[in-house]
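Shown next, in structure tokens, is the structure this report addresses.
Convention: sequence-line order gives letters A, B, ...; per-chain numbering from 1.
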2 protein chains.
Amino acid sequence: MSDNDFTIADRIQQQLDQLTRAERQLAHTILENYPASGLGPLSTLAKGAGVSAPTVARMVQKLGFGGYPEFQAELREELKAKAKGPIAKHDTWTKGASSGHVLNRFTDAVIDNIRHSLGQIDTATFDAACALLVDADRPVSIVGGRITHTLAEYLFLHMQVIRPDVTHIESTSNTWPHYLLDVTGNDVFVVFDMRRYENNTLRLAEMAHAAGAKIILFTDQWRSPVHRVADMTFSSRIVAPSAWDSMATPLLLIETMISAMQDLNWDNTRGRIERLEDMFDQTKLFRKFT
Amino acid sequence: MSDNDFTIADRIQQQLDQLTRAERQLAHTILENYPASGLGPLSTLAKGAGVSAPTVARMVQKLGFGGYPEFQAELREELKAKAKGPIAKHDTWTKGASSGHVLNRFTDAVIDNIRHSLGQIDTATFDAACALLVDADRPVSIVGGRITHTLAEYLFLHMQVIRPDVTHIESTSNTWPHYLLDVTGNDVFVVFDMRRYENNTLRLAEMAHAAGAKIILFTDQWRSPVHRVADMTFSSRIVAPSAWDSMATPLLLIETMISAMQDLNWDNTRGRIERLEDMFDQTKLFRKFT
DNA sequence: AAATTTTTGTAACGTATCTAACAGGATGAC
DNA sequence: GTCATCCTGTTAGATACGTTACAAAAATTT
């Protein structure tokens, strides 16, 4: 924006002296509860300020707008920019790179995704999901799709440490029926399904649901059809300036959930981690020092 | 106010399930930049959401408003009330949760990681790495560790679409020597190694280096020992309030790189994507509609 | 595979909204 | 005190807006 960095409120304040009595009266009503008052119909604003409608129309023209609708449009723009919040303020993430560099553009998009997605999460549901998943009496199965199976496996690898009886169902496998044989109302299924939604995943979820299992779904903002049979749904924004979607937000969610589960189940997890470390030591898989 | 403590955004969120496809699409656009989008003319909102005007009118009625103007009036009321309150606080990511909730703590940490990591990236190196990886004359091998092989596979799945001659070396496999047999100075290795650094990964990197291959390393802030033989190193901060590390920042980096590579190689990638889509259609793997 | 229900868009209508023109009123100059 | 100028409200018209009715399309059921 060219003439910007000045809000409309600033502009009104600035020109306050050049305004006439009725116009000043009006200006004060606008600033009173800014910007809400300016976003309603012209007549309401006029009545609220105790002036006539044309006075309003004249003033906005005096302020340099083409008309009242244009004035409102700019007010909305301002509001939109403000709602982006403080973090949106940053100039560039990577210094030395133009704001047009893909690193900055992509990061912008992901941060935006995170903000939107996190804002929509119901913490009660989140906590309930964690509680369900650490319940050692309930077998847990995790399933993903063509791309999302990497997320599924990531969750699986960590849950494996936190508790026993966790299974990762490979998406491409033909062995699904076997997994479903012994499913009861006690089972919990974690399903990943982002666009493009996969038929196989939907069928598996439906079968698990029919068997009475609880279903926790991770999906995108548009929601996989699986959500119709899901007991809990977590949706993330995944749009990115790319031909593909960004899994960064879903990953963040999963990691947070892992962290929460670990806390819920720390007494057991601690012992399991220690035993795991021992075994790693024996296989010399990892280096002892940096 | 009577029905208060629930914002309109909450109400939309709550009824999201009872909405139809077009209405959900619309709901998302409203929430996208809330409340600004809802304060403009109905037709603008409809166009922005890609739905028809009546769909908007119908939805606001479904939500319990007498009509679009009434809906806008309540939005303005909400805005007015918000402006009154203590200076708009966006210090928590998930509304309704204390700032001490794990969702907020974890997200804070990840955003912090992103800021630090992105700030340290040299864009020249980044661009060079992308250029190296889209060079179809150079075979690319991708390798990860116990946890990071999920990242490796994520990169692999996408690069497979962008270009031919990409291999994912499974970390647990004993077949590494086979992969290394034909390695020349033309090869490029992408290595993932986060703490705890794995001996196998280091050995493989050393052997590839000895054969003259280029090595691109993704590691954490402390840097895997692999970096001694790496031509390019990208390090991310991975600390999180958890017993485990966060892969969100490395994932962001990888996704950005995928996006950059796609742009560099768009002419070829486009054709590959189309052929891939065709094959998906034939296997009926994905659903045609939402 | 056909039929019914639901959803979605197009078109037309009535209305609320904004603006332009005009006239009455206030303010200041001489 | 009278005139000129500027400001403000009333009236009326044009336009854009939201809504209703209808038809096409999609989805679901039989």
For atom CZ of B:F71 and atom P of D:dC17, their distance in whole Å: 17 Å
Among C:dT8, C:dT19, C:dT17, the nucleotide that comes nearest once only the side chain of A:P41 is considered: C:dT17
Atom-pair distance (NZ on A:K47; P on C:dA16), nearest Å: 12 Å
Geometric class of the A:F65/A:F71 ring pair [parallel <30°, tilted 30-60°, perpendicular >60°]: perpendicular
Spacing between A:R24 atom CZ and D:dT8 atom P, to the nearest angstrom: 9 Å
Spacing of A:Y68 atom OH relative to C:dT19 atom P, expressed in whole Å: 9 Å
For B:Q14, all residues meeting side chain to side chain donor-acceptor pair (under 3.5 Å), sequence neighbours excluded: none
Residue closer to the 5' end of DNA chain C, B:K62 versus B:A53 (nearest nucleotide): B:K62
Among D:dT19, D:dT8, C:dG9, the one nearest B:A22 by side-chain distance: C:dG9
Heavy-atom donor-acceptor pair, B:R58 side-chain to D:dG18 base, under 3.5 Å: no
Nearest-Å distance for atom pair CG/P, residues B:L39 and C:dT17: 15 Å
Residue-phosphate contact under 4.0 Å: A:S52 side-chain N/O, D:dT10 OP1/OP2: no
Ionic contact status for A:D108 with A:R105, cut-off 4.0 Å: no
Under 4.0 angstrom between B:T55 side-chain N/O and C:dT7 OP1 or OP2: no
Length of the line joining B:Q72:CD and C:dA16:P, which is rounded to integer Å: 15 Å
Contact check, side chains of A:L253 and A:S117, non-hydrogen atoms, under 4.5 Å: no
Cationic N near anionic O, under 4.0 Å, B:E77 to B:K80: yes
Under 4.0 angstrom between B:T20 side-chain N/O and C:dT6 OP1 or OP2: no
Interatomic distance, B:M59 CE vs D:dT19 C1' [rounded to whole Å]: 16 Å
Contact under 4.0 Å: A:Q61 side-chain N or O vs C:dT19 OP1/OP2: no
Of the listed nucleotides C:dG9, D:dT8, C:dC18, the one nearest the side chain of A:P69: C:dC18
Atom pair distance, as rounded to whole Å: CD in B:E23 and P in C:dT8: 6 Å
